[in-house]
Every structure is written in C-alpha cells, then in structure tokens.
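Note that ligands are numbered from 1 as they come in the structure, with each ligand's atoms numbered from 1 the same way.
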Amino acid sequence: MALAISLRGGDPSRVATPLLAVGLHSGGVFPRVLAPLDKAYGGALSRAVRQADFKGNRDESLLVVGTGPGPARVLLVGLGESEDTYGAVTRAATLAGRKGNALGVRKMAFWAPQLSGDTVEAAAFGLSRGAWEFSDYKTQPPAKDRPRPLAEAVVIAADARGSQASLAAGVALGEGQHLARRLQQLPGNVCTPEYLARTARDIGKRHRLRVTVFGRRDLKRLKMESFLAVAAGTPQDPKLIVVEYRGGRRGAAPIALVGKGLCFDSGGISIKPAQGMEMMKYDMSGAAGVLGAIEAIARMKLRVNVVGLIGSTTNMPSGTAMNPGDVVTASNGKTIEILNTDAEGRLVLADVLAYSARFKPAAIIDAATLTGACVIALGNSATGVMTNDESLQSEVLAAATRGGEPGWPLPMWDDYREMIKGDIADIKNIGGRGAGTITAALFLREFVPAGVPWVHLDIAGTAYSEADLVVIPKGPTGVPVRTFVEFVRGRAR
Ligand code: BES
Ligand code: MN
Ligand code: ZN
C-alpha cells in the first residue's frame, strides 16, 4: 500500500503522533524553534545534542521516547553538513521512513528546519522511499503479532500552503521509484517480458498513454536479428515495448528513454558461473527505470514529450540458442559477430536504439546493467556514463547528481573502437579483456540514429545493492528513475 503523505504547518511539539522525525544539522546547535518540543521532552533532546549523543551527522539517528502529550517518540535524524540541502533532506527523510516502518507505527511526522518548496519534495520522496518494502512472498504472522505497516506521513513545513505542488512531486517520484523497485525485486519467473509488457499497458491505461508491444513475429518483420538472436534460446516471447508520453507541444521531438529488460540473464551458451547467478533477475533494471520514470513523469504531468523503449527477453542456453561465432544482421544493416553470448544486452539494445530513429528523438538516454566491468571500475557508488555528445552528458550528469544517483564519465576514444572491429563482420560483440564498459558503449554507439545526441548509463553497479546499508536496504535501488526524471524535468517547458 502506498504511503499517504500530507502537509501541515505549525509547531511540531503540538503534533499528536506516535513518531516525529526531526532532521538536525551537524554542528552541535539545537534549533531554537524546537524549544517547546524540547521542553515537552524534559530537555532530553537538546541534552542529547549538547552531550554529543547525537551529532547530526549524515545517516545518524537517535530515538527518544517521550512521556507527555504531543509526539510519543522523537527520532533525531542527521542532516550532516552538506550544502546540498535537497540531498540532505532526502537522505534523512529516507532514514526516517525506514525507521518508522521498522518501528511498526502506522503514522509518522517529519520536520526539518525551514521546509518549503523543493525541500518538501525531498522530504516526501525520502519518506516514501524509506517506507518501501517488498513482502509479497513472506507468509504473514497472525494479525495480532503483525507489525503495523507505515501508512500515513505528515510533513511539517514552514510554508505548508505554498508547497502543495512540491509535495505532489515528491509523491510522484516516490511512486515511480516504488514501481521500478518492485519490478526489479519480483523474481524472474514472475516478472517476465510479458509481465513488463502488461505493466507498461497498465501504466498506459492509468495515464492515457499509447503503448505498443511487439513480439517475436513483429521483431522478425522488423528485421531485428540481433535482438532475436538473444531470444533464440528462450520459449518466452520477447517484447519490444514502446510507451509514448505526450505532455509537450504537438510534433515536438521527444526524449527517448531506452531500457535493457533482460528478465533473466544466464549468459546463454557462454553460461555464467552458478555463484551469484540469481542476481541476474535484476538484469531488467534499465527497463524498470524507464517504466518507473514514465510513471513519475505522467503523475507530474510534465510538459514534454517522452518515448520509453524497452527490449525485453531472457538469455537462455538451449538447442535453439545463438552460439559463439554466429553472425547476425541488425535492423540498421550492420553485421555482428557474436563471440560471447553473455554480451547479450548490447545485442538487444542495438535493435532498440536503431528502432528509436522513427521517433526522431531530440536526445536518447539508455540505461542498462550492461557490464560487470563497470562494477569493477566504479563499484556500487556511481553509474558509468558514456556519450557521443559531451554537452548532453553534462546535462545528464547534473540530473543524476540532483537525483542522488551520481554518475561518472568514461572516455569514448577511437583507440577503444579498434577493439571491437569484426574479423568477418562489421563489429564483434566483445572487445578484449580491458575497458569492457567502454567497448560495450562503443558497440551501442554504432546503432544510435545518426546525428542524435545520446548518453549511455551503465547501471550494473548501482541498480541493486548486495549490502544492507543504513539508508538503502539490500536489494533494488530504483536507479536510474531519478536520473531520468530529473533530466526530463530539466527539459520540460
Ligand atoms: N548483465 C550482465 C552484466 C552484469 C554483470 C550486470 C554483473 C550486473 C552485475 C551482462 O549481460 C554481461 O553478462 N556482461 C558480460 C560481458 C562480457 C561477456 C564481455 C560481463 O560483464 O561479464
Ligand atoms: Mn550477459
Ligand atoms: Zn545481461
């Protein structure tokens, strides 16, 4: 169930709530406006700050239980010392939402200094993100022992009246990211290409968007031999999913958001080791990002045209699967030598990128869990960002930062292009041992429609977390929903 978030003004000490989260900066100063709350708590809150039991650092929290009327509990959460207030509030509110959900309170409130406009958006998004959980497959304990899910949150703002639109934006971002994380977390036997297509249709119905789904027979007609090669080993119908959001001027060139939607990547005949193979259900995270972004964009009614394009299948070994050494012709006429069937994402995206040409996009951003090499290069803290247009790349990097999903550029020099020159065809689907993330991107570049600025996001390290971190639990992160939305927002009228 979605978290219902509302706004109110006034003194936080007067809010009767089972839990009030209070964001405080580091620096040891207890804000004077909280004096009534501190008084209701017998001075315990200011004392915690004075004694440095709570320092206000990023990701820090301290729970204090009250005795009187007003909030039954206060959770102090650190805002740190960052100058990026939007990011700091997002993070603190996420931690607050997560703790609130874990405590088993049905309602909570959130306060931080001077919340208005953008920072109200940050608070709402953070609370929503923090409260996210996935328990579809856990047998529930008897109702009387069941922790109550967090259902309602109140943001206490300095400017509650003027921040309604910001609240709605924060909620939209939260819902978009939830949608993506849920799709990511669903197992491969449930979240199939067909399931992604149904989800796209459902989003389309709710927001009146045009959704087109192509299956194997259509892909044949479209001469997408590269995409079809990946789908050759699976009995499931591969899907090319197109979602058109038209919030901008009629005829204005859309932004194309492209996602890799491998619902499971076994590696195919070049099969992966068993250890960790289950993580390859997350190989549809780019697709989840596209759908989550479109959900948020449609909720926000952004005045811009966006087309989402998803290539979805599974990569399986079988008697009908593609083999190393096979040569295929992609829909743009280029011939590809398939030397490793585990480099399948680029084969799928090749035809999807080529297909995007018919929308005459103003810009293309693709997101894909494309290379293990990207995890080696950047770990789990940054998305690899590559491009054919450095000014678009700067724009996307800024959007990524704003959305709290940092990216980092990697070079696309000609030297690297040599590594994927084909022996008997135009291009090979793997380079050498080095620079695997870059050679994958250079492969994709061959299929980007001529003259269209394009950015590639390698989210292999950022789409899911194998560690249970303070703010983001183990599992799907929803990256790159925020990056996509912040970029599109920046382009909206
Ligand atoms: N989906 C994987 C990349 C991946 C690896 C994502 C680890 C997340 C975590 C991709 O299809 C793949 O298998 N890439 C190969 C490419 C290689 C064969 C050139 C890889 O990274 O090993
Ligand atoms: Mn693979
Ligand atoms: Zn893959």
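Taking a cut-off of 2.8 Å, the protein N, O or S atoms nearer than that to the Zn ion (ligand 3) are Lys260 NZ, Asp265 OD2, Asp283 OD2, Glu344 OE2. The distance cut-off of 2.8 Å around the Mn ion (ligand 2) captures these protein N, O or S atoms, sorted by chain and number: Asp265 OD2, Asp342 O, Asp342 OD1, Glu344 OE1.
Separation of atoms CD (Gln393) and CD1 (Ile365) is listed at 11.0 Å; rounding is to 0.5 Å. The structure places CG of Asp426 at 8.5 Å from CD of Glu446, a figure rounded to the nearest 0.5 Å. We find the CE-CG distance between Met412 and Asp389 to be 11.5 Å, quoted to the nearest 0.5 Å.
The shell of residues lying under 4.0 angstrom from ligand 1, judged by heavy atoms, includes Tyr464. Taking 4.0 Å as the cut-off, Lys260 counts as a neighbour of ligand 1 on heavy-atom distance.
No side-chain N or O of Ser285 forms a donor-acceptor pair with one of Thr369 less than 3.5 Å apart. A donor atom on one side chain and an acceptor atom on the other are found under 3.5 Å apart for Trp454 and Asp366.
Residue contacts with ligand 1, taken as heavy atom pairs separated by less than 4.0 Å, do not involve Asn315 at all. In Met280, the part holding a heavy atom less than 4.0 Å from any atom of ligand 1 is the side chain.
For atom 12 (C) of ligand 1, the closest heavy atom belonging to the protein is Asp342 O, 3.2 Å. Of all protein heavy atoms, the one closest to atom 19 (C) of ligand 1 is Ile430 CG2, 3.4 Å. In terms of protein heavy atoms, atom 14 (N) of ligand 1 is closest to Leu370 O, 3.4 Å. Looking at atom 2 (C) of ligand 1, its nearest protein heavy atom turns out to be Asp265 OD2, 3.6 Å.
With Asp342 contributing its side chain and Gly268 its backbone, the two residues share no donor-acceptor pair below 3.5 Å.
At least one side-chain heavy atom of Phe484 sits less than 4.5 Å from a side-chain heavy atom of Leu457. Taking the side chain as every heavy atom from C-beta outward, Glu295 and Arg299 approach each other to under 4.5 Å.
Checked by distance only, ligand 1 and Glu344 come closer than 3.5 Å through their nitrogen or oxygen atoms. For Ala343, no nitrogen or oxygen atom sits less than 3.5 Å from a nitrogen or oxygen atom of ligand 1, counting backbone and side chain alike. The shortest N/O to N/O separation between Arg346 and ligand 1 does not fall below 3.5 Å.
A salt bridge does not link Lys281 to Asp265: none of the charged nitrogens lies less than 4.0 Å from a carboxylate oxygen. One finds no salt bridge joining Arg346 and Glu344 here, because no Lys/Arg side-chain nitrogen approaches an Asp/Glu carboxylate oxygen to under 4.0 Å. A salt bridge links Arg206 with Asp202: the closest approach of a Lys/Arg side-chain nitrogen to an acidic carboxylate oxygen falls below 4.0 angstrom. Salt-bridge annotation for Glu194 and Lys239: present, with a side-chain N of the basic residue lying under 4.0 Å from a carboxylate O of the acidic one.
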Hey, mind stepping through Asp218 and Lys220 against salt bridge (charged side-chain N to carboxylate O under 4.0 Å, His left out) and telling me if it holds? CA-CA 5 Å; Asp218 309 299; Lys220 281 194 184 130; over 6 Å; no
Carefully, step by step, assess Asn57 and Ser26 under the rule side-chain hydrogen bond (donor to acceptor under 3.5 Å, both in side chains). CA-CA 5 Å; Asn57 293 335; Ser26 58; 4.6 Å; no
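Taking the ring centre of Tyr86 as origin, the terminal cationic atom of Arg402 falls inside the region bounded by 6.0 Å and 45° from the ring axis.
Atoms of ligand 1 found under 4.0 Å from any heavy atom of Asn340 (numbered from 1 in listed order, with element): 18 (C).
Distance check for atom 21 (O) of ligand 1: a protein heavy atom is found below 4.0 Å.
For atom 6 (C) of ligand 1, the nearest non-hydrogen atom from the set Ser270, Ala460, Gly267 comes from Ala460. When Gly461, Gly372, Gly345 are checked for heavy-atom proximity to atom 4 (C) of ligand 1, Gly372 turns out nearest.
In this structure, Phe214 and Tyr355 have perpendicular ring planes: the angle between them is above 60°, well past the 30° mark.
Other residues, nucleotides and ligands contribute only 12 or fewer heavy atoms inside 6.0 Å of the NZ atom of Lys223.
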